[in-house]
Protein chains: 2
Amino acid sequence: MAEQRHLAALDRVLELVVLLNKDMTESLAKEGLTPSRTTLLWLLRSTGPSTQRALADGLGVSARTVTGLVDGLEATGFVTRRPHPTDRRALLVSFTERGAAVVAAMEQEQAGFADLLFGGMSEDRFECLHAGLGEIVDRLRAAGLTTTPGEEPS
Amino acid sequence: MAEQRHLAALDRVLELVVLLNKDMTESLAKEGLTPSRTTLLWLLRSTGPSTQRALADGLGVSARTVTGLVDGLEATGFVTRRPHPTDRRALLVSFTERGAAVVAAMEQEQAGFADLLFGGMSEDRFECLHAGLGEIVDRLRAAGLTTTPGEEPS
DNA sequence: AGCACATAGTGAGTGTGCGTCACGATCTCG
DNA sequence: CGAGATCGTGACGCACACTCACTATGTGCT
């Protein structure tokens, strides 16, 4: 019956999840970064200089948590806090030169990683895998899962 | 070029990782469990009553961490600590009735989840997805990643 | 203008997960 | 029997996430 094969496939997916988490966490630790801090950096890269509030919303995390993350990133020299030009309550978080360089390096690594996973894979296989992944991600979304889950229907 | 498509596929994989982590964490929290405690429960189910040392090795964490996890699971009534019959230093961790029932229920849920992901998927699509997942898991292993990473070549 | 209310960020305190180091109790082996 | 390994834990530190209380500020309404 299909049950068994589906469970086996789920096992592979879960194993993939574990493996990837491990790999990312470890390679990040080498640069003195933690997963959460890195996620913040990644978000900052795609938004440009932002207030902590904006980062909190983007990460789906409390404002207090962002304070702590930025504290750490500032102490290790990845980002700076500067006063917001028009809102004196707010702070703008921006990359330092070093922070920008590290994020750029991470993008490179990501490309290398993609190559490790898919490089030289047969066209058919890749196409089908890509489509299959798309389908299960869609199914999860349809089931109510979102990457940014903070949203409440008003 | 293939670069772009590989990156897109990696994105899907990473999204899948995030989505699954979220879903599992949330559904676990409902039963008063945390991810780490659940992992311990899961291991315990496949090994039967074990010493904390054995659990630490199986989970790839320190003995101290297991003490903490078992503290929590004992306080919430999922497992019990009992003296080891032959080694008076050691403690045997076993399920309570409730613990065993919850783990059994989780197995059921997992099957339902597999159905959500794969149920009714076309035979071709599923087969190819399964094979593709197997390939990238293998590649990760070949690159030196393991689920139980504590092992050192002597 | 003035006051009520919302918002930005932070201090304080809590819970969980993970680690190391030091330690007592115990096993094992020469 | 005594040296050394092993089992579990107390003490302590760090990362992360949360809530609550609070200050400083912005906004809007009358």
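Letters go in sequence order (proteins before strands), and every chain restarts at 1.
When rounded to the nearest whole Å, the span between CD of A:Glu26 and P of C:dG19 equals 12 Å. C:dG19 atom C1' lies 15 Å from atom CG of B:Leu59, rounded to whole Å. For B:Leu69 and C:dG15, the CG to P distance is 16 Å, given to the nearest whole Å. If you measure from atom CZ of A:Arg37 to atom P of D:dC14, you get 11 Å, rounded to the nearest angstrom. At whole-Å resolution of the value, CZ in B:Phe78 and P in C:dT16 are 13 Å apart. Going from atom CG of B:Leu28 over to atom P of D:dA17 covers 18 Å, rounded to whole Å. A straight line from CG of B:Leu55 to C1' of D:dG8 spans 12 Å, rounded to a whole angstrom. One can place CD of B:Gln52 at 17 Å from P of D:dT6, the figure rounded to the nearest angstrom.
Between B:Pro83 and B:Leu91, the closest heavy-atom pair is CA-CD2, 4.3 Å. The two atoms that bring B:Leu92 and B:Pro85 nearest to each other are CD1-CD, 3.9 Å, heavy atoms only. Smallest separation of non-hydrogen atoms from A:Val137 and B:Arg12: CG2-O, 3.9 Å.
Using a distance-only test at 3.5 Å, with no hydrogens or angles considered, no donor-acceptor pair links the side chain of B:Arg82 to the main chain of B:Ser94. The closest donor-acceptor contact from the side chain of A:Arg98 to the backbone of A:Thr76 lies under 3.5 Å. A:Ser50 places a side-chain N or O within donor-acceptor distance of the main-chain N or O of A:Gly48, the cut-off being under 3.5 Å.
Between B:Thr67 and D:dT9 there is a side-chain polar atom (N or O) within less than 4.0 angstrom of OP1 or OP2. Note on B:Thr51: every side-chain N or O is 4.0 Å or more away from OP1 and OP2 of D:dC7. Residue A:Ser36 places at least one side-chain N or O under 4.0 Å from the OP1 or OP2 atom of D:dA17.
Contacts with DNA chain C (heavy atom under 4.0 Å) in residues 79-95 of chain A: A:Arg81, A:Arg89, A:Ala90, A:Leu91, listed by number.
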Output a table of nitrogen or oxygen pairs between the protein and nucleotides 20-23 of chain C separated by less than 3.5 Å.
none

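A 4.5 Å side-chain heavy-atom check between A:Met24 and A:Thr38 finds every atom pair outside the cut-off.
Cluster membership for A:Leu7 and A:Val17, using ILVMFWY side-chain heavy atoms within less than 4.5 angstrom, is not shared.
Considering only residues two or more places apart in sequence or on other chains, A:Phe118 meets the ring-ring contact (aromatic ring centres under 6.0 Å, His included) condition with A:Phe126, B:His6.
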